[in-house]
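All remarks here apply to the structure that follows.
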Number of protein chains: 2
Amino acid sequence: MTKSRVTVVDIAHAAGVSKSTVSLVLQASPLVNEQTRAKVNAAIRELGYVYNRGAANLRQTASSKIVGIVVNDLTNSFFAELAVGMDMVMQSAGFVQFLANTGESIDRQREVIASMREHGISGLIISPARGTEAADFKPLTASGVPVVVVVRNVAGAKVSSLLSDNRAGARAATEHLISLGHRRIAFLGGFADTAVSGERMQGYREALSAAGLDADASLVVNSAPSRAGGVAAIERAMLISERPTAALCFNDAVAFGVCDGLRARGLEPGRDFGVVGFDDVIEAQTAVPALTTVSVDPQGMGRRAAQMLLKQINSGRVEAEATIASVRLVVRQSCGAKTKTWDGGKTWDGGTSHDTAPGDTGSDTVGTDRRQHDRA
Amino acid sequence: MTKSRVTVVDIAHAAGVSKSTVSLVLQASPLVNEQTRAKVNAAIRELGYVYNRGAANLRQTASSKIVGIVVNDLTNSFFAELAVGMDMVMQSAGFVQFLANTGESIDRQREVIASMREHGISGLIISPARGTEAADFKPLTASGVPVVVVVRNVAGAKVSSLLSDNRAGARAATEHLISLGHRRIAFLGGFADTAVSGERMQGYREALSAAGLDADASLVVNSAPSRAGGVAAIERAMLISERPTAALCFNDAVAFGVCDGLRARGLEPGRDFGVVGFDDVIEAQTAVPALTTVSVDPQGMGRRAAQMLLKQINSGRVEAEATIASVRLVVRQSCGAKTKTWDGGKTWDGGTSHDTAPGDTGSDTVGTDRRQHDRA
DNA sequence: GAGATCTATTGGAACGTTCCAAAATAGTCA
DNA sequence: TGACTATTTTGGAACGTTCCAATAGATCTC
């Protein structure tokens, strides 16, 4: 059934030319005569030839047109969207991507990176699993394969990175809650030992102290960065003697869980308790109440990371570049700020029970992109 | 910087053996002497050798250890989980996967399949974009590459398929709502022209007619199969003169949107209106109220599809096999059935306003797997 | 009409593996 | 010792591409 592959030689034979000429046609070289080109293309169609990139990649000058993408949790829509953004850019650039999910397992991560390396990727974008070390990228960078780290930084790694401005975003979100009159603001979800969580918590603390509020450690409740974790976190937060009236959540998944948990105890998010998320996944817009959140634009971030990688692949230069993408606070209903009325059935009244100056409406970009160069 | 690649010949030289011996060591052949093996392995570590699979794949007997995975919408958590399931199995089997998102674009799909083919995939799993035709797989199957179609069937394609029993699932879900006393049950979301939607609607109609209820066409409201689509669908459904009291939703995303829309007009899902979803994505469990849904187990389905593909790759025989996976109804809170009390704060009372016999509690598997063989 | 200058085309040697046939080495037995 | 096995090892020819250097043919220039 599976007859032996059709190769350039077969095409050459059928078209009455040499294999070199066929190769030139395949590369759309201007050197070849139009009639010859037509003949060759006809033969290609006729015989059902498929280009064998593996063979072409053997010549050491060639680039494989394959990149690797490694993410730590594809079931989290933030990372799924990140991957989709990368996919868009890579497809358009004629690249095809290996994608692997590590599920936060360092071992799996090591394995898939090794495997991708054997298959000859010409670049890698990775959202590293917790506990990833700079040494994990060493073999890759040593052989000149550019690496872009996204979302989570890896200390000491001489690779490019694209992170978001977690500190500024968290600070802006917290300031917003303060401007709405909240004085007891919790920080819910996430693990304290991760860099991302640390940065967001720092922004949260900065805003509190700038407003002269003291950072009560009991208001910080760690949990898994998931919807279920959010439910657990708000439950624990409500046990505190002096209850919080609002919360900045580690990410949107946690924020949704917090909303679920509030409802389960008869509290309506937005009206009885201010909730702010982080990431701005698609569902944040359509949820009821719509989630006030810090927009990181995961798809855009994915696209941008892909562009960074492509630039490095094409330039041949491996120059590590650290970019911190700006984020913006998107004010919707869940924080309790007064915004446009909601048009589904009865009019939504976003008024809070704290009766303060109305907060910002719409969105607000925080900080600007910072970029710094570094020799690899 | 990027010195020329280290090859088997370099290893052979360093270890004082021939390249053939190195090759045998790489393949863990029992033919080679233990001491020699040790020497070679030492040299491999020493020189930082990386196996070049591309070169190995040139020999026509070899299999590439690469599979392609094509999904129509990775931002939908159903498909993200499907992909994660496949990833798990493929990683364990030592395969690496190209993953591409088509976003329902037939053109993108054609491009990525062609691209993957050039890179030498040894199998493909695809959740086809709307409008995919049997001819789109022809080039692949003609060259002996096994293809497994998941989730959506492609009429006339001589490839393996793994679908879920949509008809039986929808029927069971509808019967459940009927047993709770509902008489006006809507079918919300999805596009009527897709096979999956058609099957689910068929199950819905069967249950209605079996119960002697007439299928009022105005109770079927199409919309995008997304959360936003669900909001839109319930809004339109509430405009019907004789309002529905419950709804079977095309999928979980729509069901969540329906819950959002209900709340926006002051109705509480589960208490004031019965909502049933389809798919059982992870959030269905933790949402409040927890979503009653037909569990398709996307991760399990992904794993199963991957196993089907691997079996075909390893056997060498391309024998099309059509499997229809059974589904089970998981009764939680959103349908209004009496279940275990909810333990978050005040006790949850799931009683409906329709005061009928209590529905099933727990889950219920519908039908059994059907399998049929077919020559390719 | 002999170079020179283009334009098209073409062998052949890589690239890094595998695998076959063959050879080298060591061990066994009469 | 010589024949025979069993165990290890090894050249060398693929695999399907690219790319360099060389060539052939056409056109132009003096």
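Every chain is numbered from 1 and lettered A, B, ... according to where its sequence line falls, protein lines coming before strand lines.
- By the side chain to side chain contact (heavy atoms under 4.5 Å, CB included) test, B:Ala56 is found to be paired with B:Tyr51, residues two or more places apart in sequence or in another chain being considered.
- Residue pairs meeting the ring pair (Phe, Tyr, Trp, His ring centres under 6.0 Å) criterion with at least one partner in residues 77-121 of chain A, sequence neighbours excluded, are A:Phe98-A:His119, A:Phe98-B:Phe98.
- Judged as a side chain to side chain donor-acceptor pair (under 3.5 Å), and not counting sequence neighbours, the contacts of A:Ser127 are A:Asn72.
- Annotation for A:Ala43 and A:Ile11: closest pair O-CD1, 3.8 Å, computed over non-hydrogen atoms.
- Of the two residues contacting DNA chain D, namely B:Ser18 and A:Thr7, the nearest-nucleotide position lying further toward the 5' end is that of B:Ser18.
- Scanning all heavy atoms of the two residues, the minimum distance from B:Ser160 to B:Gln312 falls at OG-NE2, 2.6 Å.
- Every residue meeting the side chain to side chain donor-acceptor pair (under 3.5 Å) condition with A:Thr75, not counting sequence neighbours, appears here in chain and number order: A:Asp73.
- Not a single salt bridge (charged side-chain N to carboxylate O under 4.0 Å, His left out) links A:Asp297 to another residue, sequence neighbours left out.
- Of the charged side-chain nitrogens involved, at least one lies within less than 4.0 Å of a carboxylate oxygen, so that B:Glu321 and B:Lys311 count as a salt-bridged pair.
- Residues satisfying the salt bridge (charged side-chain N to carboxylate O under 4.0 Å, His left out) test with A:Arg108, not counting sequence neighbours, are none.
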Within the sub-3.5 Å range, which N or O atoms of nucleotides 20-22 of chain C have a protein N or O partner, and how far apart are they?
none

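- With hydrogens and angles disregarded, no donor-acceptor distance shorter than 3.5 Å links the side chain of B:Gln97 to the backbone of B:Val67.
- Closest of all the heavy-atom pairs between A:Met86 and A:Ala305 is CE-CB, 4.4 Å.
- With sequence neighbours excluded, the residues satisfying side chain to side chain contact (heavy atoms under 4.5 Å, CB included) with B:Ser64 are B:Asn57, B:Ile66, B:Ser122.
- With the end axes of the helix from C:dG1-D:dC30 to C:dA30-D:dT1 each set by five pairs, the angle from one to the other reads 60° at 10° resolution.
- Applying the side chain to side chain contact (heavy atoms under 4.5 Å, CB included) test to B:Leu140 and every residue at least two apart in sequence or in another chain returns B:Ile113, B:Arg117, B:Leu124, B:Val145, B:Val147.
- Rounding to whole angstrom units, NZ of residue A:Lys19 and P of C:dT10 are separated by 10 Å.
- Contacts between residues 32-51 of chain B and DNA chain C, defined by a heavy-atom separation below 4.0 Å, involve B:Tyr49, B:Val50, B:Tyr51, listed by number.
- For DNA chain D, the outermost nucleotides in 5' to 3' order that have an atom under 4.0 Å from a heavy atom of chain A are D:dG16 to D:dC19.
- Contact annotation for B:Thr21: base contact, defined as any heavy-atom pair under 4.0 Å involving a base atom.
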